[in-house]
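The structure appears below as structure tokens.
Along the sequence shown, the residues carry numbers beginning at 1.
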Amino acid sequence: MTTVTFRTEGERITGFDSQGHSGYAEEGSDIVCAAITSAIRLVDATVNDVLGLAASVKVRESDASISFRLPGGLSPMAESACQSLLTGLMVYFVQLRDEYPDNIEVLEEE
């Protein structure tokens, strides 16, 4: 099972950690894992490459983990854009969890 934990400070989402394989199918055929990875890559590309922010992204293939943290001190416009992206990601993962409850878990942690 993949566990995605969204990190928060009050109402602000500061990042997330994704860990584990979903176990839906074999590697290369796992649509749940592909959906999770694709969504994370979209957020990473938007925050870092499109908005030009310096979010920290750490990938460890050895234990199938991805860690994403927003930088501090963002402008109000950048902060709003990032919060919309991360909230959308959380909503998407909750919907995915509702469809595949044995393969993805979504948590929030302050």
Side-chain angles (χ1 to χ4, degrees):
M1 176 178 288
T2 300
T3 301
V4 182
T5 305
F6 284 87
R7 307 294 175 184
T8 60
E9 290 176 1
E11 296 293 314
R12 181 177 189 253
I13 301 171
T14 60
F16 60 85
D17 297 304
S18 173
Q19 178 130 19
H21 292 286
S22 74
Y24 180 78
E26 291 182 29
E27 186 177 332
S29 300
D30 192 324
I31 61 170
V32 177
C33 188
I36 294 166
T37 302
S38 180
I40 289 173
R41 290 183 70 174
L42 176 62
V43 169
D44 171 26
T46 303
V47 171
N48 286 318
D49 300 329
V50 175
L51 296 175
L53 305 174
S56 168
V57 181
K58 296 178 184 170
V59 178
R60 286 195 336 236
E61 291 186 26
S62 62
D63 65 350
S65 69
I66 302 172
S67 174
F68 178 97
R69 296 292 182 277
L70 288 176
L74 297 175
S75 72
M77 183 182 231
E79 181 69 31
S80 177
C82 288
Q83 291 305 305
S84 292
L85 280 167
L86 291 172
T87 301
L89 184 66
M90 184 187 299
V91 169
Y92 172 71
F93 284 158
V94 167
Q95 291 171 344
L96 200 60
R97 182 212 52 213
D98 290 348
E99 195 169 343
Y100 300 96
D102 295 332
N103 306 102
I104 180 172
E105 179 177 36
V106 181
L107 307 170
E108 281 186 63
E109 195 171 283
E110 192 157 345

same_hphob_cluster([X], [Y]) at 4.5 Å side-chain heavy-atom cutoff:
{"X": "Ile104", "Y": "Met1", "result": "no"}
{"X": "Val43", "Y": "Val59", "result": "yes"}
{"X": "Leu42", "Y": "Val32", "result": "no"}
{"X": "Leu53", "Y": "Val57", "result": "yes"}
{"X": "Val91", "Y": "Leu107", "result": "no"}

For Glu109, what residues pass the salt bridge (charged side-chain N to carboxylate O under 4.0 Å, His left out) criterion, not counting sequence neighbours? Arg7

Roughly how far, to the nearest 0.5 Å, is [atom2] of [Y] from [atom1] of [X]?
{"X": "Ser38", "Y": "Ile31", "atom1": "OG", "atom2": "CD1", "answer": "12.5 Å"}
{"X": "Glu110", "Y": "Glu11", "atom1": "CD", "atom2": "CD", "answer": "9.0 Å"}
{"X": "Cys82", "Y": "Leu74", "atom1": "SG", "atom2": "CG", "answer": "5.5 Å"}
{"X": "Arg12", "Y": "Thr87", "atom1": "CZ", "atom2": "OG1", "answer": "11.5 Å"}
{"X": "Thr46", "Y": "Leu85", "atom1": "OG1", "atom2": "CG", "answer": "5.5 Å"}
{"X": "Arg97", "Y": "Thr2", "atom1": "CZ", "atom2": "OG1", "answer": "13.5 Å"}

Where do [X] and [Y] come nearest, in terms of heavy atoms and distance?
{"X": "Ser18", "Y": "Ile36", "answer": "OG-CG2, 4.1 Å"}
{"X": "Val106", "Y": "Phe93", "answer": "CG2-O, 3.6 Å"}
{"X": "Leu89", "Y": "Ala39", "answer": "CD1-CB, 3.6 Å"}
{"X": "Gln83", "Y": "Leu70", "answer": "NE2-CD1, 3.7 Å"}
{"X": "Asp30", "Y": "Gly23", "answer": "OD2-N, 3.5 Å"}
{"X": "Ser22", "Y": "Asn103", "answer": "O-ND2, 3.0 Å"}

Do Gln19 and Asp17 have side chains that get closer than 4.5 Å, going by heavy atoms? no

If we ignore hydrogens and angles and just use 3.5 Å, is the side chain of Asn48 paired with the main-chain N or O of Ala55 as donor and acceptor? yes

For Ser84 and Ser80, indicate whether the former's side chain and the latter's backbone hold a donor-acceptor pair under 3.5 Å. yes

More than 12 foreign heavy atoms under 6.0 Å from OH of Tyr100: is that the case here? yes

Arg41, CZ atom: more than 12 neighbouring heavy atoms under 6.0 Å: no

Qualifying ring-ring contact (aromatic ring centres under 6.0 Å, His included) pairs, either residue in residues 28-71, two or more places apart: Phe16-Phe68

